[in-house]
**Student:** 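Take a look at this one; I'll ask things after.
The chain is numbered in sequence order, starting from 1.
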Amino acid sequence: MLKRRAVFGGTFDPIHRGHVAAATEVRDRLGLGDFRFLPAGDPPHRSGAFAAPRHRLAMLELALAPYPGFTIDQRELRREGPSWMSVTLDSLRRDHPDDALLLVLGQDAANGLAGWHQWRRISDLAHLVIMSRPGERPDYPPALASEIERRSTDDASTLGRSPAGRVMFVPVTPREISSTEIRACVGDPHALRRLVAAPVADYIETHGLYQTRAPARRSEPPDL
Ligand code: ATP
Ligand code: MG
């Protein structure tokens with residue numbers, strides 16, 4: 001069995017309870033020792049500017065502090081230019097040439113994968129672990145659907161037998177939480193604390209984040 005290393009990419013603007021809970025379920029289900037949150041530095045598809053990278057990182061650190069099994073991989077924040085996932089996976093592969101790499105993503109992100117830079121290479125560089133997300137059904141364009149079907153497995157141990165190339169769907173408990181909703185409810189301390197960990201809510205309030213109403217982004221292309 002190869003060592004398996006998972007990265008969970010996202011804008012995390014801000015990180016919320018849904019991210020942490022879904023990541024915990026996937027990590028436990030697959031028995032992953034190395035599970036990294038990977039904040040995007042300069043999301044290529046994103047138009048509106050929300051919280052600066054340093055704020056998103058600070059909130060990740062606060063949210064993940066109680067979970068020693070989760071770490072933060074800062075390579076996209078440190079890199080100049082767009083946060084292409086293929087470039088990130090190339091870099092991870094250089095660091096860990098002999099290990100299995102797992103890219104963890106929610107169903108909405110997976111549905112948009114064919115819009116990502118060099119998307120066909122991505123599934124050669126890592127296994128894809130697709131988490132269910134409320135309101136999001138698998139909905140792939142034909143070329144992506146056939147790639148996913150060809151690579152699909154239900155057996156978690158398969159992911160440790162090769163360094164990349166398989167796709168596994170992992171259902172997680174539905175949690176209807178999105179960062180978009182959080183950005184829209186800043187100003188309601190109670191709602192905010194229901195959606196993000198208390199130290200993250202405190203940080204948002206202290207730094208006056210998300211005060212200008214941000215446009216909804218759920219229906220736009222993926223952030224990575
Ligand atoms: P936004 O509304 O700004 O897009 P978001 O809540 O979708 O924010 P992202 O940072 O875009 O958060 O998501 C990072 C990853 O986490 C994506 O792969 C996304 O599908 C997944 N994800 C986010 N929220 C959930 C959730 N509640 N359940 C399962 N997966 C989720
Ligand atoms: Mg999103």
**Student:** Checking salt bridge (Lys or Arg N to Asp or Glu O under 4.0 Å) for the pair Arg75/Asp95: CA distance, chi angles, key distance, verdict?
**Tutor:** CA-CA 12 Å; Arg75 74 188 65 213; Asp95 288 355; 3.0 Å; yes

**Student:** Return yes if some donor-acceptor pair links the side-chain N/O of Arg183 with the main-chain N/O of Asp13 below 3.5 Å, else return no.
**Tutor:** yes

**Student:** Tell me, do Leu101 and Val7 make a side-chain contact under 4.5 Å, heavy atoms counted?
**Tutor:** no

**Student:** Would you say Leu57 and Tyr67 are hydrophobically clustered, going by side-chain heavy atoms of ILVMFWY under 4.5 Å?
**Tutor:** yes

**Student:** Mark yes or no for whether Gln107, through its side chain, and Ile130, through its backbone, hold a donor-acceptor pair below 3.5 Å.
**Tutor:** no

**Student:** Got a sec, which residues hit ring-ring contact (aromatic ring centres under 6.0 Å, His included) with His207, two or more places apart in sequence or on another chain?
**Tutor:** His55, Tyr203

**Student:** Does Leu89 reach the side chain of Ile122, with side-chain heavy atoms less than 4.5 Å apart?
**Tutor:** yes

**Student:** Can you check whether Leu102's main-chain N or O pairs, donor with acceptor, with Arg5's side chain at less than 3.5 Å?
**Tutor:** no

**Student:** Ion pair present between Arg193 and Glu205, side-chain N to carboxylate O less than 4.0 angstrom?
**Tutor:** yes

**Student:** Residues two or more places apart in sequence or in another chain: which of them pass side chain to side chain contact (heavy atoms under 4.5 Å, CB included) with Ala156?
**Tutor:** Leu30, Met168

**Student:** Looking at every heavy atom in both Pro171 and Arg29, which two are closest together, and how far apart are they?
**Tutor:** CD-NH1, 3.8 Å

**Student:** Supply the atom-to-atom distance Ser146 OG to Tyr140 OH, rounded to the nearest 0.5 angstrom.
**Tutor:** 12.0 Å

**Student:** Is a side-chain N or O of Arg137 found less than 3.5 angstrom from the main chain of Gly135, in a donor-acceptor match?
**Tutor:** no

**Student:** Apply salt bridge (Lys or Arg N to Asp or Glu O under 4.0 Å) to residues Asp124 and Arg151 and explain how you reach the verdict.
**Tutor:** CA-CA 10 Å; Asp124 289 328; Arg151 296 165 183 270; 3.1 Å; yes

**Student:** Could you walk me through whether Arg133 and Glu176 satisfy the salt bridge (Lys or Arg N to Asp or Glu O under 4.0 Å) test, starting with their C-alpha distance in whole Å, then the side-chain angles of each, then the deciding distance to 0.1 Å, before giving a yes or no?
**Tutor:** CA-CA 8 Å; Arg133 185 167 187 184; Glu176 292 213 29; over 6 Å; no

**Student:** Under a plain distance cut-off of 3.5 Å, with no hydrogens placed, do Glu76 and Thr88 share a side-chain donor-acceptor pair?
**Tutor:** yes

**Student:** Any side-chain heavy-atom pair from Leu195 and Cys185 closer than 4.5 angstrom?
**Tutor:** yes

**Student:** Return yes if some donor-acceptor pair links the side-chain N/O of Arg56 with the main-chain N/O of Thr11 below 3.5 Å, else return no.
**Tutor:** yes

**Student:** Do you see a donor-acceptor pair shorter than 3.5 Å between the side chains of Arg166 and Ser162?
**Tutor:** no

**Student:** For His127, what residues pass the ring-ring contact (aromatic ring centres under 6.0 Å, His included) criterion, not counting sequence neighbours?
**Tutor:** none

**Student:** Between Thr24 and Arg27, does any side-chain donor sit less than 3.5 Å from a side-chain acceptor?
**Tutor:** no

**Student:** Between Thr153 (side chain) and Thr158 (backbone), is there a donor-acceptor pair under 3.5 Å?
**Tutor:** no

**Student:** Considering all heavy atoms of both residues, which atom of Met131 and which atom of Phe169 are nearest to each other, and what is their separation?
**Tutor:** C-CE1, 4.4 Å

**Student:** Taking atom CD of Gln118 and atom CE of Met85, what is their separation to the nearest 0.5 Å?
**Tutor:** 13.0 Å

**Student:** Name all residues meeting the side chain to side chain contact (heavy atoms under 4.5 Å, CB included) criterion together with Ala23; count only those two or more places apart in sequence or in a different chain, and write none if there are none.
**Tutor:** Phe8, Phe35, Phe37, Phe70

**Student:** Specify the closest pair of heavy atoms between Asp99 and Leu2, including all atoms of both residues, with the distance to one decimal.
**Tutor:** C-CD1, 4.4 Å

**Student:** May I ask you to check whether Arg36 and Thr71 show a side-chain donor-acceptor distance below 3.5 Å?
**Tutor:** no

**Student:** What do you reckon, is CG of Asp155 surrounded by more than 12 foreign heavy atoms closer than 6.0 Å?
**Tutor:** yes

**Student:** Would you say the side chain of Leu103 lies within less than 4.5 Å of the side chain of Val129, judging by non-hydrogen atoms?
**Tutor:** no

**Student:** Quick one: which residue pairs count as a salt bridge (charged side-chain N to carboxylate O under 4.0 Å, His left out) with a foot in residues 111-120, not counting sequence neighbours?
**Tutor:** none

**Student:** Would you check if Ser157 and Arg161 make a side-chain contact, meaning some heavy-atom pair closer than 4.5 Å?
**Tutor:** yes

**Student:** Could you check whether any side-chain heavy atom of Ile72 comes within less than 4.5 Å of a side-chain heavy atom of Leu77, counting everything from C-beta outward?
**Tutor:** no

**Student:** If you look at every heavy atom in Leu113 and Trp119, which pair is closest and at what distance?
**Tutor:** O-CB, 3.1 Å

**Student:** Between atom CD1 of Ile148 and atom CG of Leu128, what is the distance when rounded to the nearest 0.5 Å?
**Tutor:** 7.0 Å

**Student:** Any pair with a residue in residues 77-93 that passes salt bridge (charged side-chain N to carboxylate O under 4.0 Å, His left out), sequence neighbours left out, goes on the list, sorted by first then second residue, please.
**Tutor:** Asp90-Arg121

**Student:** Side chains of Ile204 and Met59: closer than 4.5 Å at any heavy-atom pair?
**Tutor:** yes

**Student:** Quick one: closest heavy-atom pair of Gly41 and Ser83, and the distance?
**Tutor:** N-OG, 2.9 Å

**Student:** Rounded at 0.5 Å granularity, tell me how far CD in Glu149 sits from CG in Leu144.
**Tutor:** 11.5 Å

**Student:** Apply side-chain contact (heavy atoms from CB on, under 4.5 Å) to the pair Asn111 and Glu136, showing each step before the final yes or no.
**Tutor:** CA-CA 9 Å; Asn111 286 345; Glu136 305 286 346; 4.1 Å; yes

**Student:** If I take atom CG from residue Asp108 and atom CG from residue Asp139, how far apart are they, to the nearest 0.5 angstrom?
**Tutor:** 11.5 Å

**Student:** Please name the pair of heavy atoms, one in His19 and one in Pro14, separated by the smallest distance, quoted to 0.1 Å.
**Tutor:** CE1-O, 3.8 Å

**Student:** About how many Å separate CG of Leu38 and CG of Leu92, when rounded to the nearest 0.5 Å?
**Tutor:** 7.0 Å

